[in-house]
J.: 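Questions regarding the structure given below will be posed in turn.
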Amino acid sequence: MKIGVRALPIVLFSYLNTFCALGQKHIINQDALWTSYSLKLKLNDNYQIKQELDQRNYHNPWRQQQVLSRTNLEYQLGNGWTTAVGITGVLQALPNDPEVKDYYTQKEIRPQIELAYKQILSEKFLVHHRFWSEFRFLESEPDSYTYANARLRYKLELKYIPLKKVSLKAFDELFINAGSSIVNNVFDQNRIGTSIQFMPLDHLGFEIGYFNLFQQQKSGVDFYNRDIIKFTIHHTITVKKNKA
């Protein structure tokens with residue numbers, strides 16, 4: 001498992017940042033519920049379009065957090081490797097305080113590129129590595145956007161398949177900020193969690209999971225610690241079947 005070993009320092013760095021951050025005093029705890037629709041449109045053996053629609057809400061008290069739409073065109077490189085390019089649109093409810101009911105919204109656009117590797121350990125165990133770069137453009141005035149910064153992401157996910165239609169997942173994802181505007185929050189956030197996925201049909205299924213999101217703010221001493229429940233509908237449409 002050479003790739004997994006190489007990724008170990010990144011994961012350890014993620015935990016070290018989280019551990020050190022917990023020593024700070026300015027930690028804001030929040031609860032959230034995310035619902036998602038994930039569509040895979042398989043065009044042929046090599047190409048597919050991945051579309052994700054997210055509705056993200058604070059819980060207790062209930063209030064909108066984000067609406068997100070992500071579209072990727074993915075290409076199979078072979079030997080477990082894939083690459084993708086795409087764009088994400090975000091509608092962010094601000095300020096990030098569910099107690100504030102009179103909130104305003106800010107739009108964001110994120111072009112992105114991705115490289116992923118699926119490592120098959122056995123019939124029941126898989127490891128998925130995803131390297132992701134996204135470039136953030138924030139709305140500065142109506143229909144006008146200003147470049148903010150780049151964000152680098154690495155996700156390590158372990159998948160266990162105990163039954164044909166059931167999968168168990170555990171993951172850790174690290175976010176790093178890059179750019180001249182980044183001073184105190186090079187470490188952006190860490191997400192760690194688990195989920196269970198049930199696919200009653202080959203093309204349709206459901207997933208429910210929990211993850212913790214720990215995020216550093218621009219000040220460097222303020223942090224969000226969010227406990228999130230996420231429910232996802234998975235849907236696959238095949239335009240052209242694989243070659244026999």
J.: Tyr145 and Phe137: which non-hydrogen atoms are nearest, and at how many Å?
T.: CD2-O, 3.7 Å
J.: Where is the tightest heavy-atom contact between Ile161 and Ser167, given as atom of each residue plus distance?
T.: CG1-OG, 4.0 Å
J.: What verdict does the side chain to side chain contact (heavy atoms under 4.5 Å, CB included) test give for Gln64 and Asn57, after you've listed the backbone C-alpha separation in whole Å, the side-chain angles of each residue and the deciding distance to 0.1 Å?
T.: CA-CA 4 Å; Gln64 185 183 85; Asn57 292 283; 3.9 Å; yes
J.: Ring-plane angle category for Trp62 and His59, please: parallel below 30°, perpendicular beyond 60°, tilted otherwise.
T.: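 Ring orientation of Trp62 relative to His59: perpendicular.
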J.: Nearest heavy-atom pair of Ile113 and Trp132: which atoms, and what distance?
T.: O-CD1, 3.3 Å
J.: If a pair satisfies salt bridge (charged side-chain N to carboxylate O under 4.0 Å, His left out) and one of its residues is in residues 214-227, list it, with sequence neighbours excluded.
T.: none
J.: Could you tell me which non-hydrogen atom of Ile87 sits nearest to which non-hydrogen atom of Asn72, and how far apart they are?
T.: N-OD1, 4.2 Å
J.: Quick one: CG on Leu213 to NZ on Lys230, what's the gap to the nearest 0.5 Å?
T.: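 Reported value, rounded in 0.5 Å steps: 11.0 Å.
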J.: Gln55 vs Tyr37, test: side chain to side chain contact (heavy atoms under 4.5 Å, CB included). Steps then yes/no.
T.: CA-CA 9 Å; Gln55 174 67 54; Tyr37 172 69; over 6 Å; no
J.: Can a side-chain donor-acceptor contact be found between Gln106 and Gln92 if the only test is distance below 3.5 angstrom?
T.: no
J.: Angle between ring planes, Phe223 versus Phe214, binned at 30° and 60°: parallel, tilted or perpendicular?
T.: parallel
J.: Report yes if the side chains of Thr88 and Leu68 come closer than 4.5 Å at any heavy-atom pair, otherwise no.
T.: yes
J.: Are the side chains of Gln217 and His26 in contact, using a 4.5 Å heavy-atom criterion?
T.: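 Side chain of His26 against side chain of Gln217, heavy atoms only: no contact under 4.5 Å found.
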J.: Counting heavy atoms not belonging to Ile120, are there more than 12 under 6.0 Å from its CD1?
T.: no
J.: Quick one: pull up CG in Leu121 and CG in Leu126 and give me the separation to the nearest 0.5 Å.
T.: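 Taking CG in Leu121 and CG in Leu126, the distance rounds to 7.0 Å.
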J.: Is there side-chain contact between Leu73 and Tyr75, with at least one heavy-atom pair below 4.5 Å?
T.: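 Not in contact.
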J.: Quick check: is Tyr47 connected to Val239 through a chain of hydrophobic side chains (ILVMFWY, heavy atoms under 4.5 Å apart)?
T.: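 Linked within one cluster.
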J.: First locate atom NE2 of His129, then atom OH of Tyr117, and finally report the distance between them rounded to the nearest 0.5 Å.
T.: 7.0 Å
J.: Mind checking the CD1-OH spacing from Ile228 to Tyr210? Nearest 0.5 Å is all I need.
T.: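 Answer rounded to 0.5 Å: 8.5 Å.
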J.: Counting only heavy atoms from other residues, nucleotides and ligands, does the tally under 6.0 Å from NZ of Lys164 exceed 12?
T.: no
J.: If you measure only the distance, is there a donor-acceptor pair under 3.5 Å linking the side chains of Thr71 and Gln51?
T.: yes
J.: Would Lys155 and Phe171 count as a cation-pi pair here, with the cationic atom under 6.0 angstrom from the ring centre and within 45° of the axis?
T.: yes
J.: Does a sphere of radius 6.0 Å around CG in Asn79 hold more than 12 heavy atoms from other residues, nucleotides or ligands, not counting ones at 6.0 Å or beyond?
T.: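 Not more than 12 within 6.0 Å, no.
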J.: Atom NE2 of His234 and atom CG of Leu39: how far apart are they, to the nearest 0.5 Å?
T.: 11.5 Å
J.: For the residue pair Phe231 and Phe206, categorise the inter-ring angle as parallel (less than 30°), tilted (30 to 60°) or perpendicular (more than 60°).
T.: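 Judged by the thresholds at 30° and 60°, the geometry between Phe231 and Phe206 is parallel.
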J.: I'd like to know if Val100 and Leu91 are part of one continuous hydrophobic network [Ile/Leu/Val/Met/Phe/Trp/Tyr, side-chain heavy atoms within less than 4.5 Å].
T.: no
J.: Is the closest side-chain heavy-atom distance between Gln189 and Tyr224 below 4.5 Å?
T.: no
J.: Would a distance-only check, ignoring hydrogens and angles, find a side-chain to backbone donor-acceptor pair under 3.5 Å from Ser181 to Ala148?
T.: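 Yes: the side chain of Ser181 pairs with the backbone of Ala148.
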J.: Does Val90 share a hydrophobic cluster with Tyr147, counting links as ILVMFWY side-chain heavy atoms below 4.5 Å and allowing steps through other members?
T.: no
J.: Check this for me: does any side-chain nitrogen of one of Arg130 and Glu157 sit under 4.0 Å from a carboxylate oxygen of the other?
T.: no
J.: Can you tell me how far apart CD (Gln48) and OG1 (Thr236) are? Round to the nearest 0.5 Å.
T.: 7.5 Å
J.: Check whether any side-chain N or O of Thr83 sits under 3.5 Å from a backbone N or O of Glu114 as a donor-acceptor pair, and report yes or no.
T.: yes
J.: Considering only heavy atoms from C-beta outward, does the side chain of Lys159 approach that of His128 to under 4.5 Å?
T.: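 In short, these two side chains do not touch, never coming nearer than 4.5 Å.
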J.: Of the non-hydrogen atoms in Pro95 and Arg63, which two are nearest, and what is the gap between them?
T.: O-NH2, 3.1 Å
J.: Between Phe175 and Gln215, does the side chain to side chain contact (heavy atoms under 4.5 Å, CB included) criterion hold? Intermediate values first, please.
T.: CA-CA 9 Å; Phe175 293 61; Gln215 185 174 32; over 6 Å; no
J.: Are Ile109 and Leu138 connected in a single hydrophobic cluster, I mean Ile/Leu/Val/Met/Phe/Trp/Tyr linked by side-chain heavy atoms less than 4.5 Å apart?
T.: no
J.: Show the atom names and distances, to 0.1 Å, of all donor-acceptor pairs under 3.5 Å that link a side chain in residues 196-205 to residues at least two apart or in another chain.
T.:
residue: Gln197; atom: OE1; partner: Lys169; partner atom: NZ; Å: 2.7

J.: Does any part of the side chain of Asp97, heavy atoms only, come nearer than 4.5 Å to the side chain of Ile28, both counted from C-beta?
T.: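 When only atoms from C-beta onward are counted, Asp97 and Ile28 do not touch, as no gap falls below 4.5 Å.
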J.: Taking side chain as C-beta onward, heavy atoms only, is Ile176 less than 4.5 Å from Val186?
T.: yes
J.: Treat each ILVMFWY residue as a node, draw an edge where side-chain heavy atoms are under 4.5 Å apart, and state whether Leu158 and Leu156 are in one component.
T.: yes
J.: Using every non-hydrogen atom in the two residues, find where Pro98 and Pro61 come nearest and quote the distance to one decimal.
T.: O-CG, 3.5 Å
J.: Is there a donor in the side chain of Asn177 and an acceptor in the side chain of Asn149, or the other way round, less than 3.5 Å apart?
T.: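 Yes, Asn149 and Asn177 have a side-chain donor paired with an acceptor closer than 3.5 Å.
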J.: Are side-chain heavy atoms of Asp54 and Gln66 found at a separation under 4.5 Å?
T.: no
